[in-house]
Visitor: 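Input: one structure, supplied below.
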Amino acid sequence: MINKSYYNGSISVSDTTVPVVLDYLGYKDYLGAIMVRWGINRNNYRVNPGLYAVGKPNESSDVFVTANYKLTFDHVRKNLYGIDGWILVLDTKGVNVWCAAGKGTFSTNELVKRIRSVSLDKVVAHRRIILPQLGATGVAAHKVKEQTAFNVHYGPVRSSDIQKFVGNGYRADKEMRKVTFNLSDRVKLIPNDFMYGKYYLLGAMVILFLLSGLSGKGLSVADFSTNGLTAIVNVLFAYMSGIIMTPVLLPFIPARHFSIKGFYTGSMVYLILFVLDFTGDSLLENFSWFFIITAISSFLAMNFTGSSTYTSLSGVKKEMKFSLPLQIAFAALGVVLQVIGKLI
Amino acid sequence: MKELVYLSDVVTLELCEESCNGCGMCIKVCPHEVFELSGRKAHIVRRDYCMECGACALNCPQNSIKVNSGVGCAAGIINGILNNTEPSCGCSGSDSNCC
Ligand code: SF4
Ligand code: SF4
């Protein structure tokens, strides 16, 4: 069932009916936001594309364009609190503005099509539409103008600056235009990355758990119970090093390569586990765990490039060319040493 | 807090100042303040901060900017190698900075 708790009646303009939505969020919206961050029900978290109203807009009210990902839509209507305006929702397949613009669903074509399908030229008398700045990756303002006569004004990066932007005479100042990546931005991404890598985590745990039961006498149940738990703990810590520690400490870890950052945090985690006596008794076992933990941490940290807001494709390609072979070599070396360590 | 910057000297951004008409659009759309306007022309002033999003090139009415744009995402590049396609990112995580 689609959750329609944010509707607040409708108004008619020219010859169509436009749904009015609330300019604040209810508990269902907050609950949905938490679930979606953990990847639950993500694909159903959409709004129907089309025109919506907040407050009591008229023909001179502003038009704000956004994506049909419900989290995005919620941000916009919440930040239009107290304003009378129109919201034009593009069909971005339930993806946020930034990602949809990169993928080509938040695009010039979709915008032009949507402007025509809702007859925006009959709804408003002016020819001004406001797009989030990050939509510029998918939309060419001068082409929209050519095809529809509407002038695209790129608004602020964050919808929380919308009202300031409007008050400023539709000008985004430097701070509004800049993408940031501060602690709260990074922390919000952790649940999603955690869920993304869960199969890596399980796979690594299973392999190292099985290895832990290995000895010169073959597989033994006694070894599973003594070493198996430490193996699982070590892998879990390596995972958290890449998924949690690296993003949280990002600006404070030296090196620009994400994989090297992940290697550093992995090394720190290894040291902690070493002090706790989790990394085995022999030198060989210790080396083995060092390689395995840093490989896992470095690989997962490198994956965080996808969530970061300042990495370039060329840069990530260059980084991977150098790091991926090393990560694979470290992991392989770690496993081989582990086996040798058990058998001698 | 200090501003994060990725690797140096890797981005593919190019600007042809000759054809630029100084409209300032690239400055408006760039999320990392890569351009500056002076003498009625745009100039690249912070190249290493460019994330190759492509917004400037797409919105330049003079076609003065070229950049190999794409999502800088390791998982996407791995997917691309495995499936023999262009890098494509799941890109599900970047809610935080989006309107
Ligand atoms: S958008 Fe193009 S024409 Fe306009 S200032 Fe930038 S480079 Fe020059
Ligand atoms: S590609 Fe994006 S980040 Fe790079 S200069 Fe253009 S707008 Fe700025």
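Residue numbers begin at 1 in each chain, while the letters A, B, ... track the order of the sequences.
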Visitor: Please indicate whether B:Lys66 has more than 12 foreign heavy atoms, meaning atoms of other residues, nucleotides or ligands, lying under 6.0 Å from its NZ.
Guide: no

Visitor: If we only count heavy atoms from C-beta on, is the B:Leu7 to A:His257 side-chain gap below 4.5 Å?
Guide: yes

Visitor: Which of the residues A:Tyr154, A:Phe304, A:Tyr310 is involved in the greatest number of heavy-atom pairs with chain B at under 4.5 angstrom?
Guide: A:Tyr310

Visitor: Working to the nearest 0.5 angstrom, can you tell me the gap between B:Glu33 CD and A:Lys174 NZ?
Guide: 4.5 Å

Visitor: Most heavy-atom pairs under 4.5 angstrom with chain A, which of B:Val10, B:Ile27, B:Thr12?
Guide: B:Val10

Visitor: Atom CD of residue position B:Glu17 - does it have more than 12 heavy atoms of other residues, nucleotides or ligands inside 6.0 Å?
Guide: yes

Visitor: I'd like to know if B:Glu52 and A:Lys317 make a salt bridge, using a cut-off of under 4.0 Å between side-chain N and carboxylate O.
Guide: no

Visitor: How close do B:Ser69 and A:Leu313 get, counting heavy atoms only, and between which atoms?
Guide: O-CD2, 4.3 Å

Visitor: What do you reckon, is CZ of A:Phe194 surrounded by more than 12 foreign heavy atoms closer than 6.0 Å?
Guide: no

Visitor: May I ask you to name which of A:Thr305, A:Asp161, A:Thr311 has the most heavy-atom pairs under 4.5 Å with chain B?
Guide: A:Thr311

Visitor: Testing the basics here: between B:Cys50 and A:Ser312, what is the closest heavy-atom pair and its distance to 0.1 Å?
Guide: O-CB, 3.8 Å

Visitor: Could you tell me which portion of B:Cys53 (side chain, backbone, both or neither) has an atom closer than 4.5 angstrom to a non-hydrogen atom of chain A?
Guide: both

Visitor: Counting heavy atoms not belonging to A:Tyr81, are there more than 12 under 6.0 Å from its OH?
Guide: no

Visitor: Heavy-atom distances under 4.5 Å only: say whether A:Lys143 touches chain B with side chain, backbone, both or neither.
Guide: neither

Visitor: Does any non-hydrogen side-chain atom of B:Ile77 lie less than 4.5 Å from one of A:Val316?
Guide: yes

Visitor: Is the side chain of B:Asn59 donor-acceptor paired with the backbone N or O of A:His142 at a distance under 3.5 Å, no angle test?
Guide: no

Visitor: Go through B:Lys28 and A:His153 one step at a time and tell me if the side chain to side chain contact (heavy atoms under 4.5 Å, CB included) criterion holds.
Guide: CA-CA 9 Å; B:Lys28 278 190 190 161; A:His153 289 249; over 6 Å; no

Visitor: Identify which part of A:Met320 has an atom lying under 4.5 Å from any heavy atom of chain B, answering side chain, backbone, both or neither.
Guide: side chain

Visitor: Is the closest side-chain heavy-atom distance between B:Leu58 and A:Val139 below 4.5 Å?
Guide: no

Visitor: I want to check something: taking the side chain as every heavy atom from C-beta on, are B:Pro31 and A:Arg177 in contact at a cut-off of under 4.5 Å?
Guide: no

Visitor: Test of understanding: with salt bridge (charged side-chain N to carboxylate O under 4.0 Å, His left out), list the residues that count as partners of A:Arg171, not counting sequence neighbours.
Guide: none

Visitor: Just by distance, do the side chain of B:Asn68 and the backbone of A:Ser314 share a donor-acceptor pair under 3.5 Å?
Guide: no

Visitor: Where does B:Cys56 contact chain A at under 4.5 Å (heavy atoms): side chain, backbone, both or neither?
Guide: neither

Visitor: Is a donor on one side and an acceptor on the other found under 3.5 Å between the side chain of A:Arg256 and the backbone of B:Tyr6?
Guide: yes

Visitor: Against chain B, label A:Ala172 side chain, backbone, both or neither, depending on which of its atoms sit under 4.5 Å from a heavy atom there.
Guide: neither

Visitor: Measure B:Val67 against the heavy atoms of chain A and call it side chain, backbone, both or neither at under 4.5 Å.
Guide: neither

